[in-house]
Participant: 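Pasting a structure below so you can have a look.
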Protein chains: 2
Amino acid sequence: MAQRDPLALEQQLCFALYTASRALTARYRPLLDDLGLTYPQYLVMLALFDRGPLTVKDLGQALHLDSGTLSPLLKRMDAAGLLRRTRSAADERSVVVELTETGEALRPRVREIPRTVFRELDTPLPDLIDLHARLTTFLGKLD
Amino acid sequence: MAQRDPLALEQQLCFALYTASRALTARYRPLLDDLGLTYPQYLVMLALFDRGPLTVKDLGQALHLDSGTLSPLLKRMDAAGLLRRTRSAADERSVVVELTETGEALRPRVREIPRTVFRELDTPLPDLIDLHARLTTFLGKLD
DNA sequence: ACACATTTGATTGTGCACAACTTAATTGCC
DNA sequence: GGCAATTAAGTTGTGCACAATCAAATGTGT
């Protein structure tokens, strides 16, 4: 009776993901608070740092979020002066999102955040790499 | 340059957890909708199935949720007739949560849910066990 | 016994997630 | 060219998460 109930296990996997996700983002929170960012807003910053101006649709595909989540989130980041939203001239349906100078100026501090979290984590890097790889494989099955 | 930026990787780990958690709970959602439950409500049901009546504090420790989340959630489940909340006689600060007959009657259907999700998942059980084990170890570092 | 600290749960307020719907622009098809 | 179908964002409404605060009950030390 190595595993008494594989179904309970599957349940536990979902719960473990749910718990681990919240616990790890909680580690980011105090650092993000210093920059006035939430975790999803931080993800938007990373996407714009890496890829330059993006449409709302692009951001949605990158972060797996829909306009119901992104529209108000981007509106808040716009109000905070971090980014600009402008209707695309080529296609008036699209809205292009790009960082302002204020947003761009946060780049070094934002990039320092995962470094700090990792330092405080006390987990060997190979373990993180391994976990990430297995999660990615698993995610592939969930499309 | 096998890994050019371990910090970006760490970032990706948090994002991978965040994405995987949402993707997997999304698999539960249509099944939970049939029972009129949300995922956190489903976790409350499981805790009560396994351990019998619990205080709000007990539930909070089991699910890593505080009263700000649990109070309104339990209020909704109470309104739906799934459970009862009663002040403890021994300690008037505590509220004991217990399933009603309606809630108890959902047990077989609730227990079928993870079974169905796993069947639709197309991932070998050993992979799930392995992922779960690594997640649990990682979670241990996050307390 | 009594003042003070702690514990428990509820409440308020903000910001995601997500479903369902709306509006406006564009595409495709004839 | 004209019209139905599709696409992109935004809006509305519900339900978490989480921080901060509050009120009431209990515990503690003297």
Side-chain angles (χ1 to χ4, degrees), chain A residues 14-15 17-30 32-44 54-80 82-83 85-97, chain B residues 14-15 17-30 32-44 54-61 63-80 82 85-97:
Chain A
C14 192
F15 180 60
L17 282 169
Y18 165 74
T19 304
S21 175
R22 287 194 296 132
L24 187 52
T25 57
R27 291 299 192 99
Y28 280 72
R29 196 164 299 120
L32 291 170
D33 283 349
D34 291 345
L35 304 187
L37 293 173
T38 64
Y39 184 71
Q41 289 172 7
Y42 162 76
L43 293 178
V44 167
L54 295 172
T55 64
V56 174
K57 181 193 176 190
D58 293 333
L59 280 169
Q61 287 174 341
L63 309 183
H64 306 294
L65 293 171
D66 65 12
S67 69
T69 299
L70 285 175
S71 287
L73 184 154
L74 295 171
K75 196 172 181 177
R76 282 186 286 272
M77 293 181 77
D78 192 333
L82 296 171
L83 51 79
R85 297 168 299 155
T86 52
R87 286 275 162 192
S88 163
D91 185 342
E92 291 274 343
R93 290 173 303 180
S94 300
V95 167
V96 176
V97 179
Chain B
C14 191
F15 180 60
L17 282 169
Y18 165 75
T19 305
S21 174
R22 287 194 296 132
L24 187 52
T25 57
R27 292 299 192 99
Y28 280 72
R29 197 164 299 120
L32 291 170
D33 283 349
D34 291 344
L35 304 187
L37 293 173
T38 64
Y39 184 71
Q41 289 173 9
Y42 162 76
L43 294 179
V44 168
L54 294 172
T55 63
V56 173
K57 181 193 175 189
D58 293 334
L59 280 169
Q61 286 175 343
L63 309 183
H64 304 296
L65 293 171
D66 64 14
S67 69
T69 301
L70 284 174
S71 286
L73 183 155
L74 295 171
K75 196 173 182 178
R76 282 186 287 271
M77 293 181 77
D78 191 334
L82 298 171
R85 296 168 299 157
T86 52
R87 286 277 161 188
S88 164
D91 185 343
E92 291 277 340
R93 289 172 303 182
S94 300
V95 168
V96 176
V97 179

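Letters A, B, ... mirror the listed sequences (proteins, then strands); counts begin at 1.
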Participant: Using whole Å, report how far CZ of B/R93 lies from P of C/dA10.
Facilitator: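 Taking CZ of B/R93 and P of C/dA10, I get 14 Å after rounding.
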Participant: Under 4.0 Å between a side-chain N or O of A/Y18 and OP1 or OP2 of D/dA17?
Facilitator: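 It does, given that an N or O in the side chain of A/Y18 lies less than 4.0 Å from OP1 or OP2 of D/dA17.
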Participant: Could you state the atom-to-atom distance from CG of B/L54 to P of C/dT8 in whole Å?
Facilitator: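 Distance check: B/L54 CG to C/dT8 P gives 14 Å.
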Participant: As a test of reading the structure: which of D/dA24, D/dA9, D/dA17 is closest to the side chain of A/R22, going by heavy atoms?
Facilitator: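 Closest nucleotide to the A/R22 side chain: D/dA17.
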Participant: Between A/T69 and C/dA17, is there a contact of a side-chain N or O with OP1 or OP2 at under 4.0 Å?
Facilitator: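 Checking C/dA17 against A/T69, no side-chain N or O comes under 4.0 Å of OP1 or OP2.
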Participant: Grab the NE2-P distance between B/H64 and D/dC16 for me, whole Å please.
Facilitator: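 Going from NE2 in B/H64 over to P in D/dC16 covers 18 Å.
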Participant: Any side-chain N or O of B/R87 under 4.0 Å from OP1/OP2 of C/dG9?
Facilitator: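 Looking at the OP1 and OP2 atoms of C/dG9, neither is under 4.0 Å from any side-chain N or O of B/R87.
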Participant: Starting from P on D/dT14, measure out to CG on B/L37 and report it in whole angstrom.
Facilitator: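 My rounded result for the distance is 18 Å.
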Participant: Can you see which heavy atom on B/F15 is nearest to which on A/Y39, and at what distance?
Facilitator: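 Closest pair (atom of B/F15, atom of A/Y39, distance): N-OH, 3.3 Å.
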Participant: Does some side-chain heavy atom of A/T55 sit less than 4.5 Å from a side-chain heavy atom of A/V95?
Facilitator: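 No, too far: nothing below the 4.5 Å cut-off.
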Participant: Pick the closest DNA chain C nucleotide for A/R76 and for A/A89 by heavy atoms, then say which residue is nearer the 5' end.
Facilitator: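 The 5'-side residue here is A/R76.
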Participant: Output the rounded distance in Å from NZ (A/K57) to P (C/dA25).
Facilitator: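 About 18 Å, once rounded to whole Å.
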Participant: Is A/S67 near enough to D/dA9 that one of its side-chain N or O atoms lies under 4.0 angstrom from OP1 or OP2?
Facilitator: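 Indeed not, no polar side-chain atom of A/S67 lies that close.
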Participant: What pair of heavy atoms forms the shortest contact from A/R76 to A/Q41, and how long is it?
Facilitator: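 Scanning both residues, the minimum pair turns out to be NE-NE2, 4.3 Å.
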Participant: Which nucleotide, D/dG15, C/dA10, C/dA19, lies nearest any side-chain atom of B/V56?
Facilitator: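 Closest nucleotide among those given: C/dA10.
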Participant: How close do B/R22 and A/H64 get, heavy atom to heavy atom, and via which atoms?
Facilitator: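 For B/R22 and A/H64, the tightest heavy-atom pair comes out as NH1-O, 3.0 Å.
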Participant: Would you indicate, yes or no, if D/dA9 has its OP1 or OP2 atom less than 4.0 angstrom from a side-chain nitrogen or oxygen of A/R85?
Facilitator: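 False: A/R85 side-chain N/O out of range (4.0 Å or more) of D/dA9 OP1/OP2.
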Participant: Closest to the A/L73 side chain: D/dT11, C/dC16, D/dT6?
Facilitator: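 Nearest to the side chain of A/L73 among the choices is C/dC16.
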Participant: Name the residue closer to the 5' end of DNA chain D, choosing between A/L70 and B/L65 according to the nucleotide with the nearest heavy atom.
Facilitator: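 Per heavy-atom nearest nucleotide, the more 5' residue is A/L70.
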Participant: Can you tell me the distance, in whole Å, between the CG atom of A/L59 and the P atom of C/dA17?
Facilitator: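 Taking CG of A/L59 and P of C/dA17, I get 14 Å after rounding.
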Participant: Measure CG/B/D66 against P/D/dA19 and give the value in whole Å, please.
Facilitator: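 After rounding, the reported distance stands at 7 Å.
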Participant: Taking only the side-chain heavy atoms of A/S94 (C-beta and beyond), determine which of D/dA19, C/dA24, D/dA9 contains the nearest atom.
Facilitator: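 That would be D/dA9.
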Participant: Within a strict 4.5 Å, meaning less than it, do heavy atoms of the A/V96 and A/V56 side chains meet?
Facilitator: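 The answer is no; the side chains never approach within 4.5 Å.
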Participant: What is the separation between atom CG on A/D91 and atom P on C/dT27, rounded to the nearest whole Å?
Facilitator: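 My rounded result for the distance is 6 Å.
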Participant: Check whether any side-chain heavy atom of A/L43 sits under 4.5 Å from a side-chain heavy atom of B/Y18, and report yes or no.
Facilitator: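 SC-SC contact between A/L43 and B/Y18 confirmed.
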Participant: Between B/R29 and C/dC18, is there a contact of a side-chain N or O with OP1 or OP2 at under 4.0 Å?
Facilitator: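 B/R29 to C/dC18 OP1/OP2: side-chain N or O found under 4.0 Å.
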Participant: Start at the 5' end of DNA chain C and walk down; is the nucleotide closest to A/P40 or to A/E92 reached first?
Facilitator: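 First, find each residue's nearest nucleotide; the 5'-ward one identifies A/P40.
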